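The first residue of the sequence shown is numbered 1, and numbering continues consecutively from there. Computed over heavy atoms, backbone and side chain alike; hydrogens, waters and symmetry mates excluded. If you're wondering where the values come from, they're calculated on a predicted model, not measured in any experiment.
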Amino acid sequence: MAQLLLVEDDAAVRSALMRALTERGHTVTSAATGMSGLRMAVDDRPDLVILDLGLPDIDGYEIVRMLRAVSPVPVIVATARDDEQEIARILDAGADDYLVKPFGAVQLDARIRAVLRRLQGEDDAFQPLVVGELRIDPRGRHVTLAGRPLDLRPKEFDLLCYLAARPDQVVSKRELMTQVWQLPYGGADKTVDVHLSWLRNKLGESAQQPRYIRAVRGVGVKLVDPAA
């Protein structure tokens, strides 16, 4: 179920789509012009906008551009225009999906759910990570320890973020090499060990006196809450 805004000037199409989407559990509001739709998208903050391109006051392409300048709301363009270059232009302007009329409500509903599911996954991936007094902001690539900022190299941050997303889970060095460095693991490669040493130093610990980063002999390492 989602809060949808339908921007469509054809009254018959607008009514049919609103009815069909409401029957599928969504809450739907509508606008018949581009500028009223833009105002509603900004003021009402719907979960998703369904936008026709052939609007009476302003072209839908301009609406996408204007909306992208002020809001991250996902947009599905639903229009009769099927030119490949036009589709590419709209997607490049910031639309999340493009649906060519005529289409059924079942297909539109599936596209809505797919866009929202994908964006929810992206949002989850950027949620702050907290382990003990460590707080990691994946989106801003910012780390604090007990409120104090830590100055990490890019790969140190990536390594810490990967471990923090899996607290108390033992992760092998092979997995770290393939997932963090995107490289095949070699038995003589000390890259992981070196970065772990640097990271421990910045966390105020060592391999001999670990706090957050714990080694599991012959298996890998894990990130833990020292107070747990």
D57 side chain to M35 backbone, donor-acceptor under 3.5 Å: yes

Taking the basic N atoms (NZ, or NE/NH1/NH2) and the acidic carboxylate oxygens, is any pair closer than 4.0 Å for D158 and R153? no

Nearest 0.5 Å, please: how far is CD1 in I87 from CG in L91? 7.5 Å

Check whether K222 reaches the backbone of P167 with its side chain - one donor and one acceptor, N or O, closer than 3.5 Å. no

Is D47 reaching over with its side chain to a backbone N or O of A2, donor-acceptor style, under 3.5 angstrom? no

Pair E86-Y61, side-chain donor/acceptor within less than 3.5 Å: no

R111 side chain to Q107 main-chain N or O, any donor-acceptor pair under 3.5 Å? no

Main-chain N/O of R68 paired with S71 side-chain donor or acceptor, under 3.5 Å: no

Judged by atom type as modelled, is there a donor-acceptor pair below 3.5 Å linking the side chain of Q169 to the main-chain atoms of R166? no

Does the pair D92/R89 count as a salt bridge with the N-to-O cut at 4.0 Å? no

Are any of the side-chain nitrogens in R118 or D96 under 4.0 Å away from the carboxylate oxygens of its partner? yes

Quiz item: cation-pi between R214 and Y212, 6.0 Å / 45°: no

Is the side chain of T178 donor-acceptor paired with the backbone N or O of R174 at a distance under 3.5 Å, no angle test? yes

Using a strict cut-off of less than 4.0 Å between a Lys/Arg side-chain nitrogen and an Asp/Glu carboxylate oxygen, indicate whether D109 and R113 qualify as a salt bridge. yes

Using links of under 4.5 Å between side-chain heavy atoms of ILVMFWY residues, direct or through other members, which residues join W198 in one cluster? V194

So, the side chain of S15 versus the backbone of A12: is there a donor-acceptor pair under 3.5 Å, distance only? no

Give a yes or no answer on whether the side chain of E8 reaches the backbone of A31 with a donor-acceptor pair at less than 3.5 Å. no

Note, L199 side chain near H195 side chain (heavy atom, < 4.5 Å): no

According to ring-ring contact (aromatic ring centres under 6.0 Å, His included), who are the partners of H26, at least two apart in sequence or on a separate chain? none

Thinking salt bridges, do D193 and K173 make one under a 4.0 Å N-O criterion? yes

